[in-house]
Amino acid sequence: MKICVIGTGYVGLVTGVCLADFGLDVVCVDKDSAKIALLNSGCTPICEPRLDDIIGRNMEAGRLSFTVEVKKAVQEASVIFVAVGTPSDDDGSANLKDIEKVAEEIAAYMNGHKVVVIKSTVPMGTVRRIGRIIHMNNTTHSFDIVSNPEFLREGSAVYDFMHPDKVVIGADSESAIAVMKEIYRPLYLIETPFIITTIETAETIKYACNCFLATKITYINEMANLCEMVGADIHSVAKAMGLDKRIGPKFLHPGPGYGGSCLPKDTYALRSFVMGKGYDFKILNAVIEANEHQVDVMVEKARRALKDFEGKTIGVLGLSFKQNTDDIRESPAVKIITLFVKHGAKVRCFDPLAMDNVKKVLPDIIYCKDEYETAQGCDALVVATEWNQFRNLDLEKIKELLESPILLDLRNLYDPTKVRKLGFTYDSVGRH
Ligand code: UDX
């Protein structure tokens, strides 16, 4: 079976590469010729554990190739995965221009029966509409349309693809379902649950999962804010909650709010979608509002510690939206820095991977070579992203470098008692 994956962003690249590793013949297509040239030279445009190895191995075995030629790729494949971006528009709705254009291209080049699989996250009803676009532009050849959403986390996308909690397949056609089962056969062998359902249900599952995860994080963040008011400890609260099997322990870590390329985008897109339907999804609106407010709560902590921002210098450790990535999309760290600067503070910062990306949006802050250079002369040091290397700082040295020993630990990496014993004014999230 020959597979074509259109779009070599995060989802498309990981999908194509991992399907090749399942032993399938895969060609990945992208209109970005620089990216394709990079991939053909054996380099990867994203930092993702194991991806380089798997690309190298499968290219060598002749199962994986990269091209800009959509026509040839579509014509030679029997199954076409579509994984182009669906970014947020200004009103929060998913921008479907690219995916619609790809549908027209597929229609123009189809030369026989194809199974078209939509991996991009799209609002309910879009997959069928993509089917209609293909049909309107090509009435000669038959095709099946399938919704097959992804649930990959950045930083463990390859592992997640190979060991998913579930595979969701939404389709009308029995033969398309059989093709999808064949593609994912290695996952059947490790007893992965398969949800075979309608197209609309598959599309809804994706939003249901991500918006629930956003809700869970927001809930623990609000609970952390409450813990601060009553003198309770959020980690004991989260642990006890997590022991209730109906709740589960994951995604109960408090912090500055969720960020990244998925949870914010998907919550905005669902809100915009339901508004269009005239439905007031109250909990979703509250989650979005509370997550945005969590950044202000973090900035307020700094204001409390510093009294005033004007003329102060703040060191910020961590810029990416979470550890082990250079991705700064919707990063709480970047939002917090923007507010520090707006309120008149100077910012020095460090991140192991994300500094080049932040330089493009915040060129006027000071970028440092490490944690210690960042702390030099600062009135406070803020840990904004949970990189492992920030967990074991030489705090004695940090204290000497700081103008005043204030540590704001927005990811709860340190033990409050120990840090205070060293003479720091210390604050974290949901603890005393
Ligand atoms: C997420 C989903 O996990 C994945 O299933 C989906 O397909 C894409 O979106 P990702 O964006 O890579 O993946 O990051 P994830 O590890 O889920 O974290 C999302 C955000 O939530 C990060 O900003 C993280 O710091 C935050 N988070 C996560 C918390 O604040 N607390 C937690 O307990 C967990």
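As the structure lists them, so they are numbered: ligands from 1, and atoms in each ligand from 1.
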Looking only at protein heavy atoms, which one is nearest to atom 12 (O) of ligand 1, and what is the separation? E154 N, 2.6 Å
Charged tip of K206 within 45° of F151 ring normal and under 6.0 Å: yes
Is the shortest N/O to N/O distance between C262 and ligand 1 below 3.5 Å? no
Under 3.5 Å donor-acceptor, T385 side chain and S320 backbone: yes
Quick check on K206 - does any of its heavy atoms sit under 4.0 Å from an atom of ligand 1? yes
When you measure from atom 22 (C) of ligand 1 to every protein heavy atom, which one gives the shortest distance, and what is it? F321 CD1, 3.6 Å
Could you check atom 28 (C) of ligand 1 against the protein and tell me its nearest heavy-atom contact, residue, atom and distance included? I217 CD1, 3.5 Å
Numbered in order shown, the ligand 1 atoms found under 4.0 Å of a heavy atom of L263 are 9 (O), 19 (C)
What do you reckon, is OH of Y219 surrounded by more than 12 foreign heavy atoms closer than 6.0 Å? no
Got more than 12 heavy atoms from elsewhere within 6.0 Å of NZ, K239? no
Which residue supplies the protein heavy atom nearest to atom 23 (O) of ligand 1, what is that atom called, and how far is it? G259 N, 2.9 Å
Y159 vs H163 aromatic rings, parallel, tilted or perpendicular, using cut-offs 30° and 60°? parallel
Close approach of R411 to ligand 1, heavy atoms, under 4.0 angstrom: yes
Centroid separation under 6.0 Å, is that true for the rings of F340 and F309? yes
Mind checking whether I220 contacts ligand 1 via backbone (N, CA, C, O), side chain (CB onward), both or neither, at a 4.0 Å heavy-atom cut-off? neither
Honestly, for L252 the part within reach of ligand 1 (heavy atoms, under 4.0 Å) is backbone
So Y184 and F161, would you call those rings parallel, tilted or perpendicular, with 30° and 60° as cut-offs? tilted
Out of R329, K322, E330, who is nearest to atom 16 (O) of ligand 1 when you count heavy atoms only? K322
Tell me, which protein residue and heavy-atom name are nearest atom 33 (O) of ligand 1, and how many Å apart are they? H253 N, 2.8 Å
I'd like to check D172 versus I177 (side-chain heavy atoms, cut-off strictly below 4.5 Å). Are they in contact? no
Give the residue, atom name and distance (to 0.1 Å) of the protein heavy atom nearest atom 7 (O) of ligand 1. L152 O, 3.1 Å
Both conditions, 6.0 Å and 45 degrees, for the charged tip of K181 above the ring of F194: are they met here? no
Where the closest heavy atom to atom 17 (O) of ligand 1 is concerned, which of Y258, F251, F151 has it? F251
Contact between ligand 1 and G260 is defined here as a heavy atom of the residue under 4.0 Å from a ligand atom; is it met? no
Those atoms of ligand 1 less than 4.0 Å from some heavy atom in R153: 3 (O), 12 (O), 13 (O)
Is there a donor-acceptor pair closer than 3.5 Å between any side-chain N or O of T126 and the backbone N or O of V122? no
